[in-house]
**Student:** 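One structure follows; several queries about it will come next.
When a residue number appears, it is its place in the shown sequence, counting from 1. Everything quoted here is computed from the prediction, not taken from an experiment. Excluded from the calculations below are hydrogen atoms, water molecules and symmetry mates; all remaining heavy atoms, backbone and side chain alike, are included.
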Amino acid sequence: MDTSTALMVLCATFLPGAFGQGAITGLGYHYQSTTVAPGQLISVFVAGSLTGEVSVSQSGRPVPVLGMSSSASCLNLNACSPMTAITIQIPYEIEPYCVFTNPQCEVRELAQLTLSVNGIAETPINLNPVADQIHILTACDTVVPGGTESPAQYSGLPCEPLVAHADGSLVTAASPAQTGEEVVAYAVGLGITVPAVGTGEAATTATPTYETFLLDFNFRANALATEPLQPTTPGLPPAGSNVPLYSGLVPEEVGLYQINFTVPTPPASIQPCSGAVQSNLTVSVGGLASFDGAGICVAE
């Protein structure tokens, strides 16, 4: 077989496609199995520059290919080899809905992902389906909503989180969020919705998630994500917990979610974003199976 088109799955990462601008990908780690949520956007990396027809299936079910791009794997500046990144959407039907909505459900299906080139199937990728696999988008994943390229970084961080004001501009040190302001974090991996949306299809209107997600607000400088307190009774948030104003699909986008929340009042001791302080509020979003966070700047 021509090694320039030989398919060898190297890794899969939770990197989404661009907001209507094609697939943006990045390099991940070698894997044994990949944890995914229904509707998850992932990029699968394969060795070589692929030519011919590429198709993907999950346990016999067609999987939409949202984009392909070429990249390179480099051990050093003089040792690079071509790679192809294939961005796909995990089917919402990867498991029967009861698996994600009823803790007593024992119906399970074989979850494997198979890539084929010119009709030749390769070794399947084992998948581990869960209710949610939250990933809040950053400038390293994609472009800013509306097709505008990501602006210059406001700090030394390489990947600015995509948390936006109502006008669509990013929350930055130069344009911090205000107390009481409603802002939007963009994410993937929030799972099934009500009503359901077809795999590979864009939501025609705001479509909320089936799951109620929880929020955690940490006003320490440069804080990491923190898992919000989970309910002892599934589906019933703990008393006094913070929940999004809205969590669900973004209209006219495939597999892209938004999480709307109100910025709480910061403590008097909050440090402003400047110099070593790259963020002074970390907003964490937690679900039944995962959590992720975004460090942003808020005004004093």
**Student:** Of the non-hydrogen atoms in Val63 and Gln58, which two are nearest, and what is the gap between them?
**Tutor:**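 Distance-wise, the nearest heavy atoms are CG2-N, 3.5 Å.
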**Student:** List the atom pairs, donor and acceptor, that lie under 3.5 Å between side-chain atoms in residues 198-206 and the rest of the protein, sequence neighbours left out.
**Tutor:**
unit_1: Thr199; atom_1: OG1; unit_2: Tyr92; atom_2: N; d: 3.0
unit_1: Thr199; atom_1: OG1; unit_2: Glu93; atom_2: OE1; d: 2.9

**Student:** Show the nearest heavy-atom pair for residues Leu162 and Ala139, with the distance to one decimal.
**Tutor:**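 Heavy atoms of Leu162 and Ala139 come nearest at CD2-N, 4.1 Å.
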**Student:** Any chance the side chains of Thr207 and Thr193 put a donor and an acceptor closer than 3.5 Å?
**Tutor:**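 No, no side-chain donor-acceptor contact under 3.5 Å.
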**Student:** Let me see the working for Asp132 and Leu288 under side chain to side chain contact (heavy atoms under 4.5 Å, CB included), right down to the final yes or no.
**Tutor:** CA-CA 7 Å; Asp132 56 78; Leu288 295 174; 3.8 Å; yes
**Student:** Identify whether Phe291 and Tyr186 are in the same connected component of the hydrophobic contact network (ILVMFWY, side-chain heavy atoms under 4.5 Å).
**Tutor:**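 Different clusters: Phe291 never reaches Tyr186 through Ile, Leu, Val, Met, Phe, Trp or Tyr contacts under 4.5 Å.
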**Student:** Which pair of heavy atoms, one from Tyr257 and one from Gly191, lies closest together, and at what distance?
**Tutor:**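 Where Tyr257 meets Gly191 most closely, the heavy atoms are OH-O, 2.5 Å.
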**Student:** Would you check if Val184 and Ile259 make a side-chain contact, meaning some heavy-atom pair closer than 4.5 Å?
**Tutor:**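 Of all side-chain heavy-atom pairs linking Ile259 with Val184, none is under 4.5 Å.
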**Student:** Could you see if Tyr246 belongs to whatever hydrophobic cluster contains Leu215? Use Ile, Leu, Val, Met, Phe, Trp, Tyr and a side-chain cutoff under 4.5 Å.
**Tutor:**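 No, no single cluster joins them.
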**Student:** Val65: what forms a side-chain contact (heavy atoms from CB on, under 4.5 Å) with it, not counting sequence neighbours?
**Tutor:**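 With sequence neighbours excluded, Val65 shows a side-chain contact (heavy atoms from CB on, under 4.5 Å) to Val56, Met68, Ile86, Ile88, given in chain and number order.
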**Student:** Run the numbers on Leu256 and Leu249 for side chain to side chain contact (heavy atoms under 4.5 Å, CB included), then give the verdict.
**Tutor:** CA-CA 6 Å; Leu256 175 65; Leu249 290 168; 5.9 Å; no
**Student:** List the residues meeting side-chain hydrogen bond (donor to acceptor under 3.5 Å, both in side chains) with Asn218, not counting sequence neighbours, and say none if there are none.
**Tutor:**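 By the side-chain hydrogen bond (donor to acceptor under 3.5 Å, both in side chains) rule, Asn218 matches Arg220.
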**Student:** Thr114 versus Ile125: any side-chain heavy-atom pair under 4.5 Å?
**Tutor:**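 When only atoms from C-beta onward are counted, Ile125 and Thr114 do not touch, as no gap falls below 4.5 Å.
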**Student:** Please name all residues satisfying side-chain hydrogen bond (donor to acceptor under 3.5 Å, both in side chains) with Asp292, sequence neighbours left out, ordered by chain then number.
**Tutor:**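 None.
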**Student:** Roughly how far, to the nearest 0.5 Å, is the SG atom of Cys297 from the CD1 atom of Ile270?
**Tutor:**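 So the CD1 of Ile270 and the SG of Cys297 are separated by 9.0 Å.
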**Student:** Before giving the answer on side chain to side chain donor-acceptor pair (under 3.5 Å), spell out for Glu53 and Asn118 the whole-Å C-alpha distance, their side-chain angles and the decisive distance to 0.1 Å.
**Tutor:** CA-CA 5 Å; Glu53 181 181 353; Asn118 295 323; over 6 Å; no
**Student:** Run the side-chain contact (heavy atoms from CB on, under 4.5 Å) test against Glu182 and tell me which residues pass, sequence neighbours left out.
**Tutor:**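 Leu245, Asn260.
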**Student:** Under a 4.5 Å side-chain heavy-atom rule over Ile, Leu, Val, Met, Phe, Trp and Tyr, are Leu190 and Val130 clustered together?
**Tutor:**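 Looking at the clustering, Val130 is in a separate group from Leu190.
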**Student:** So, do Leu214 and Asn242 sit near enough that their side-chain heavy atoms are less than 4.5 Å apart?
**Tutor:**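 No; the side chains remain at least 4.5 Å from each other.
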**Student:** Name the one of Val298, Leu281, Asn280 that satisfies side chain to side chain contact (heavy atoms under 4.5 Å, CB included) with Cys273?
**Tutor:**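 Passing option: Asn280.
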**Student:** If every non-hydrogen atom of Pro38 is compared with every non-hydrogen atom of Ala131, which pair is closest and at what distance?
**Tutor:**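 Minimum heavy-atom contact is CD-O, 3.9 Å.
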**Student:** Under the side chain to side chain contact (heavy atoms under 4.5 Å, CB included) criterion, do Phe261 and Val183 qualify, and how do the steps go?
**Tutor:** CA-CA 6 Å; Phe261 62 92; Val183 296; 3.3 Å; yes
**Student:** Mark yes or no for whether Asn222, through its side chain, and Gln278, through its backbone, hold a donor-acceptor pair below 3.5 Å.
**Tutor:**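 It does hold such a pair.
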**Student:** Please confirm whether the backbone N or O of Ala37 pairs with a side-chain atom of Gln133, one donor and one acceptor, at under 3.5 Å?
**Tutor:**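 No; zero donor-acceptor contacts below 3.5 Å.
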**Student:** Kindly write out the residues that satisfy side-chain contact (heavy atoms from CB on, under 4.5 Å) with Ser55, not counting sequence neighbours, or none if the list is empty.
**Tutor:**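 Here the qualifying residues are Ser116.
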**Student:** Testing the basics here: between Phe219 and Pro267, what is the closest heavy-atom pair and its distance to 0.1 Å?
**Tutor:**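 Looking at all heavy atoms of both residues, the closest pair is CG-CD, 3.5 Å.
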**Student:** In chain order, what residues pass the side-chain contact (heavy atoms from CB on, under 4.5 Å) check against Val194, with sequence neighbours excluded?
**Tutor:**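 Only Tyr210 meet the side-chain contact (heavy atoms from CB on, under 4.5 Å) criterion with Val194.
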**Student:** Could you go through the side chain to side chain contact (heavy atoms under 4.5 Å, CB included) check for His165 and Glu181 one step at a time?
**Tutor:** CA-CA 8 Å; His165 298 285; Glu181 178 185 1; 2.5 Å; yes
**Student:** So how far is it from Ser59 OG to Leu113 CG, rounded to the nearest 0.5 Å?
**Tutor:**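 The distance works out to 8.5 Å.
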**Student:** Shortest non-hydrogen contact from Ser279 to Gly295?
**Tutor:**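 Closest pair (atom of Ser279, atom of Gly295, distance): CB-C, 3.5 Å.
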**Student:** Heavy-atom distance under 4.5 Å between the side chains of Ile192 and Thr209, does that happen here?
**Tutor:**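 No, their side chains stay 4.5 Å or more apart.
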**Student:** Using side-chain hydrogen bond (donor to acceptor under 3.5 Å, both in side chains) as the criterion, list what pairs up with Thr84, not counting sequence neighbours.
**Tutor:**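 So Thr84 forms no side-chain hydrogen bond (donor to acceptor under 3.5 Å, both in side chains) with any residue.
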**Student:** What is the distance from atom CD of Gln40 to atom OG1 of Thr34, rounded to the nearest 0.5 Å?
**Tutor:**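 With rounding to 0.5 Å, CD (Gln40) is 10.0 Å from OG1 (Thr34).
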**Student:** Could I get the full list of side-chain hydrogen bond (donor to acceptor under 3.5 Å, both in side chains) partners for Thr262, not counting sequence neighbours?
**Tutor:**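 Per chain and number, Thr262 pairs via side-chain hydrogen bond (donor to acceptor under 3.5 Å, both in side chains) with no residue.
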**Student:** Quick check for you: to the nearest 0.5 Å, what is the distance between Gln178 atom CD and Glu300 atom CD?
**Tutor:**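 Reported value, rounded in 0.5 Å steps: 11.0 Å.
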**Student:** For the residue pair Ser284 / Asp216, report whether a side-chain donor-acceptor contact shorter than 3.5 Å exists.
**Tutor:**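 Per modelled atom types, Asp216 and Ser284 side chains form no pair under 3.5 Å.
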**Student:** Does any part of the side chain of Glu160, heavy atoms only, come nearer than 4.5 Å to the side chain of Leu170, both counted from C-beta?
**Tutor:**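 Yes. Closest side-chain heavy atoms under 4.5 Å.
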